[in-house]
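If you're wondering where the values come from, they're calculated on a predicted model, not measured in any experiment. Reminder, nothing fancy here: chain letters follow the sequence lines and each chain counts from 1.
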There are 2 protein chains.
Amino acid sequence: MEPFRGQPLQPENHTKQRSADEDAPPKQRVQDEIRRDIIFGALPPGTRVTETALATKYGISRVPVREALRALEAEGFVESKPYAGSTVSKIPVDDAEDLFFVREALESATARRAAHRAAAQFGSGAPSVEWWQARKVLAGVLDEGDAAVAQNRLELLPELNIRFHLGVAELSGSASLTALLRQIAGKIEWLYATDVDNRGKESWSEHRSIIAAIDSGNFADAEKLMANHVHQSKEGYLDRFSAEEA
Amino acid sequence: MEPFRGQPLQPENHTKQRSADEDAPPKQRVQDEIRRDIIFGALPPGTRVTETALATKYGISRVPVREALRALEAEGFVESKPYAGSTVSKIPVDDAEDLFFVREALESATARRAAHRAAAQFGSGAPSVEWWQARKVLAGVLDEGDAAVAQNRLELLPELNIRFHLGVAELSGSASLTALLRQIAGKIEWLYATDVDNRGKESWSEHRSIIAAIDSGNFADAEKLMANHVHQSKEGYLDRFSAEEA
DNA sequence: TGAATGGTGATTGAATACAATTGCCGTCAC
DNA sequence: GTGACGGCAATTGTATTCAATCACCATTCA
């Protein structure tokens, strides 16, 4: 359910943000690790993943491994058959177009709502605590991403990208939209990781303008900018993929 | 992951379609049972569900119960905190509007795609086996639903409704859309169950025209009809809910 | 009197042990 | 030579047991 541990509400410990989370619960640890391996290609699609192998690899029992695999199955990263084991899912290039379509619809609505909510926050006296916290986290993500771009560490962008978009969802205040976006966030990151060298920098630069529109309560612009942002990602990905075919 | 057992590919055994699935794997059994209890109100939101209680209730061990709870958590029916247990989620009336919004976007695209695919099936010689099977299942669902309406057994409609819409998704041939729709299908059914007495009959009658548009390959109509269908559901639900408030 | 603190029961998290199912491989009959 | 049948190994599904954590409540001290 929760793709990313770390404390999004306490932005003070930015240093060890993503260094394997030594002390996290075993189940969460293996789940994150396996997902990471899948997203970044260490576990190619079709790979057979057995519980015992993972259990011995991480030095834990099979039970937490099972739960991790089940969670990953719900996220769409692995597929399981009863008594037959689990395999890494086929990378969703075939229905990437669908994924982007849904994402465009989801995120446009999210951005619009976030802008509305931002206007309401500032309109009626002081902003709520939760809104302010979410906004603060988002600011941190933006800074981190800019730093990553400046240092040319593009491998950090996939996760930051997800955190940005989930942050906007938080800002929208809609639990439903956040949950749905979180559902497809994993696969988005999967696609993004294969395309980050191509459009990563340009894509990231668009984020600030989206936030600016949201902050100013300009919901029409926010919706439009977000739609365009996702649309560009889609085009870029599809172009790259069809080019790769040839 | 798979909310509905039963053999959707073998429409011959319609009789015991949903009579608790005696011989199903325990995990699946409790998962379906708990979800059902939540949807139909036997387990009201906020209810605390402990693993031991469920284990003794169903006469099995805690492990399958755990997995069932985790799966239901992924579906959004229960919420869990580490070492603190699980509780039934608040019924998503607050973000019902979001849910319907996303659903409208998803299902419009699904219907459009299904119509496109139907035209392609008939255009190029014989339809594929899988398409034909999916279409056949859908026909069965439509008949079952009509029978349920005729016999005034409206309690059967929530599940049939989900099976109809998932059937259309299957017809669209997009695994991505199907998976996403399946994700929100549970909550949709949850809402639907509270509104079935109000709009169940009328809603069901609209299904045939949608299928007709899909069959004839009229993708514009299919999309429009589906969008309208979902929109009507939304309006009906929101009206009823706001009326209930007063 | 109020708040901090320690203990205790309940509940989940994880590990180990056992049962059930599957797929494969060798063998054998035809 | 080819097909089917039977046994075996590998793997998952389930049960049982133990450890870690948390919430609640009584107690105690300022």
d(CD, B:Gln28; P, D:dT12) in whole Å: 18 Å
Between D:dT14, C:dT21, C:dT12, which nucleotide gets closest to the side-chain atoms of A:Tyr83? C:dT21
Does this structure show an ion pair linking A:Lys81 with A:Glu79, if we count only N-O contacts that are shorter than 4.0 Å? no
Roughly, in whole Å, what's the span from CG in A:Leu69 to C1' in D:dG13? 14 Å
Would you mind reading off the distance between A:Lys81 atom NZ and D:dA10 atom P, rounded to a whole angstrom? 22 Å
Salt-bridge present (B:Arg70, B:Glu73; N to O < 4.0 Å): yes
Atom CZ of A:Arg66 and atom P of C:dG13: how far apart are they, to the nearest Å? 15 Å
Atom-pair distance (CD on A:Glu67; P on C:dA15), nearest Å: 11 Å
Measuring from the side chain of A:Thr50 (C-beta onward, heavy atoms only), which nucleotide among D:dT12, D:dT14, C:dT12 has the closest atom? D:dT12
Would you find more than 12 non-hydrogen atoms of other residues, nucleotides or ligands less than 6.0 Å from A:Glu130 atom CD? no
First encountered from the 5' end of DNA chain C, between A:Arg62 and B:Val49: B:Val49
Please report, rounded to the nearest Å, how far the C1' atom of D:dA15 is from the NZ atom of B:Lys27. 17 Å
Of B:Val63 and A:Gly85, the one whose closest DNA chain D nucleotide lies more 5': A:Gly85
Sole candidate of B:Leu177, B:Ile211, B:Thr178 that passes side chain to side chain contact (heavy atoms under 4.5 Å, CB included) when paired with B:Val168: B:Ile211
Quick check on C:dA15: is either OP1 or OP2 less than 4.0 Å from any side-chain nitrogen or oxygen of A:Ser61? yes
Rounded distance in Å - CZ (B:Arg48) to C1' (D:dC24): 12 Å
Do you know which of B:Glu159, B:Glu189, B:Glu75 makes salt bridge (Lys or Arg N to Asp or Glu O under 4.0 Å) with B:Arg35? B:Glu75
According to a strict under-4.0 Å criterion, is B:Arg70 in side-chain N/O contact with OP1 or OP2 of C:dG13? yes
Send over the distance from A:Leu54 CG to D:dT11 C1', rounded to a whole Å. 13 Å
